[in-house]
Number of protein chains: 2
Amino acid sequence: MKELISHMQKMVSLDLEEINYLEGELVSRDIKRKTCLVTEGQICQSLYFVEKGCLRAFFISEKGTEHTCQFAIENWWITDHMSLDNQRPSHFSIQAVENSKVITLTREKQAQLLNRIPKLERYFRLIVQRSFAASQLRIKYLFSQSGVERYQHFAESFPEFLQRVPQYMLASYLNISAEFLSKIRAGKV
Amino acid sequence: MKELISHMQKMVSLDLEEINYLEGELVSRDIKRKTCLVTEGQICQSLYFVEKGCLRAFFISEKGTEHTCQFAIENWWITDHMSLDNQRPSHFSIQAVENSKVITLTREKQAQLLNRIPKLERYFRLIVQRSFAASQLRIKYLFSQSGVERYQHFAESFPEFLQRVPQYMLASYLNISAEFLSKIRAGKV
DNA sequence: GAAACTTCTTGAACTGGTTCAAGAAATGGA
DNA sequence: TCCATTTCTTGAACCAGTTCAAGAAGTTTC
């Protein structure tokens, strides 16, 4: 819980009353590895803050293969905005990659918090800006780097995270096959 | 000018005083086709709202090929948030795809507007959420569709827009070569 | 209206990565 | 500790898309 308050305070100043209010409203839960918080096709009703662990957004293609679009580690939020904001069936599932501790913020609860503490509009704007920026950069790398380069770039940028996710999942995030990733790691390409 | 006010009012209510204030602060400019508003490597200092026409964010790869990451048509904002928010050199250039009418909002001016009309925090949060959602969906399509499918999907979704952009630019947005797009259109694949 | 420039088309050779199948290695549960 | 399940590895055949070069078609400028 204090991780989120702390995170918020990096971007907006909160007084004691506001902090107490937030602590009274927000609930942290343990989520077991592989638990789905959102299922593709359902309407997404919440945003999720990762206190500890990792979540991911993924979908299953028509061919039946899994593609991971996004990971969220500590201090990141994750949701399907298209579904949450428009109340339409989600294009993604959201799942725990490892045992995690997560704060679930329903759409109604967020509206309530923003009504009560309007300066959190700024917090959430800054949060989504950061996510959007990361997403744009990801598209740049998808366009400009080969599969090998994407893996190398990821390994250099996030060496510790590399150990935390199954290789098939990382491959699906990098948009390469699991077999190809194996060959990259074995130095066979 | 009234397009932007109109657009804002779809998401937040503005009284006459606020509208007059905004009209006094915002300036609309005509931008000639091919004009760059931001150059890769420079620090991005503004957000851009498209009243009429079209802008795009693109970059040049190490191989010298252009890749278009994002288009912004009427009623969309475009910027490089990574650069604007962190004051770091931009990963993208932003350019007019056709003669356009654009409102430029500097970082300072945005801060001033948000200070004076805090409810615009909500407007910008909703705007960025929409952009981020579009970007996530784009990643989904990049992962799950072949080049042919991406073109067909785009042609079905935005038939009029198709006529407004050069084919080589569309190809670079769909992450296929211009020659391949020609062959798709000729029914040769 | 002509010349210069830009955009689009086409065929063929090439290639980066996929797919498949089989089995090894690692992990989890009883 | 053993068995079941999941994850990873490997080689070879295959393919979606790229690249190159040449030229056609369209647009812009003078």
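Sequence lines set the chain letters: A, B, ... in the order given, protein chains first and strands last, and positions in each chain run from 1.
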TODO: Check the angle between the aromatic planes of B:Phe161 and B:Phe158 and answer parallel, tilted or perpendicular using the 30° and 60° thresholds.
DONE: perpendicular
Open item on the list: Taking 4.0 Å as the cut-off, does a side-chain nitrogen or oxygen of A:Gln167 come that near to OP1 or OP2 on D:dT9?
Closed with: yes
- [ ] Starting at atom CD of A:Glu179, determine the distance to atom C1' of C:dG16, rounded to an integer number of angstrom.
- [x] 15 Å
Task: Axis deviation across the helix from C:dG1-D:dC30 to C:dA30-D:dT1, five-pair ends, to the nearest 10° - done: 60°
Open item on the list: Between B:Glu179 and B:Arg185, does any side-chain N to carboxylate O distance fall below 4.0 Å?
Closed with: no
- [ ] By nearest nucleotide on DNA chain C, pick out whichever of B:Val165 and A:Arg33 is the more 5' one.
- [x] B:Val165
Task: Side-chain donor/acceptor contact of A:Lys183 with base of C:dT19 under 3.5 Å - done: yes
- [ ] For the side chain of A:Lys188, starting at C-beta, report the closest nucleotide among D:dG17, D:dG11, C:dT18.
- [x] D:dG11
Open item on the list: Pick the closest DNA chain C nucleotide for A:Thr65 and for B:Pro166 by heavy atoms, then say which residue is nearer the 5' end.
Closed with: B:Pro166
Open item on the list: Whole angstroms only, please: what is the CD-P distance between A:Gln163 and C:dA26?
Closed with: 14 Å
Task: Touch class at under 4.0 angstrom, heavy-atom based, for B:Ile176 against every strand present - done: sugar-phosphate
TODO: Whole angstrom is fine here: how far is it from CG in B:Asn175 over to C1' in D:dT18?
DONE: 12 Å
Task: Which nucleotide in C:dT7, D:dC8, D:dG17 has an atom nearest any side-chain atom of B:Phe180 - done: D:dG17
Task: Contact summary for B:Ser46 and B:Thr79, nearest pair of heavy atoms - done: O-OG1, 2.8 Å
Open item on the list: Can you tell whether the side chains of B:Arg116 and B:Glu17 come within less than 4.0 Å, N to carboxylate O?
Closed with: yes
Open item on the list: Is there a path of hydrophobic side-chain contacts, each under 4.5 Å between heavy atoms, that joins B:Ile176 and B:Phe58?
Closed with: no
Open item on the list: Considering every strand and a 4.0 Å limit on heavy-atom distances, what is the contact class for B:Ser146: base, sugar-phosphate, or nothing?
Closed with: sugar-phosphate
Task: Atom-pair distance (NZ on B:Lys34; C1' on D:dT28), nearest Å - done: 11 Å
TODO: Using a strict cut-off of less than 4.0 Å between a Lys/Arg side-chain nitrogen and an Asp/Glu carboxylate oxygen, indicate whether A:Glu66 and A:Arg56 qualify as a salt bridge.
DONE: yes
Task: d(CD, B:Gln145; C1', D:dA16) in whole Å - done: 15 Å
- [ ] Look at all strands and tell whether A:Tyr168 reaches a base, only sugar-phosphate, or nothing, counting heavy atoms closer than 4.0 Å.
- [x] sugar-phosphate
- [ ] Can you tell me the distance, in whole Å, between the CZ atom of A:Arg185 and the P atom of C:dA25?
- [x] 16 Å
Task: Between D:dT6 (P) and A:Met169 (CE): distance, integer Å - done: 13 Å
- [ ] May I ask you to decide if the ring planes of A:His81 and B:Phe132 are parallel, tilted or perpendicular, using 30° and 60° as cut-offs?
- [x] perpendicular
Open item on the list: How many whole angstroms separate atom CD of B:Glu98 from atom C1' of D:dT28?
Closed with: 17 Å
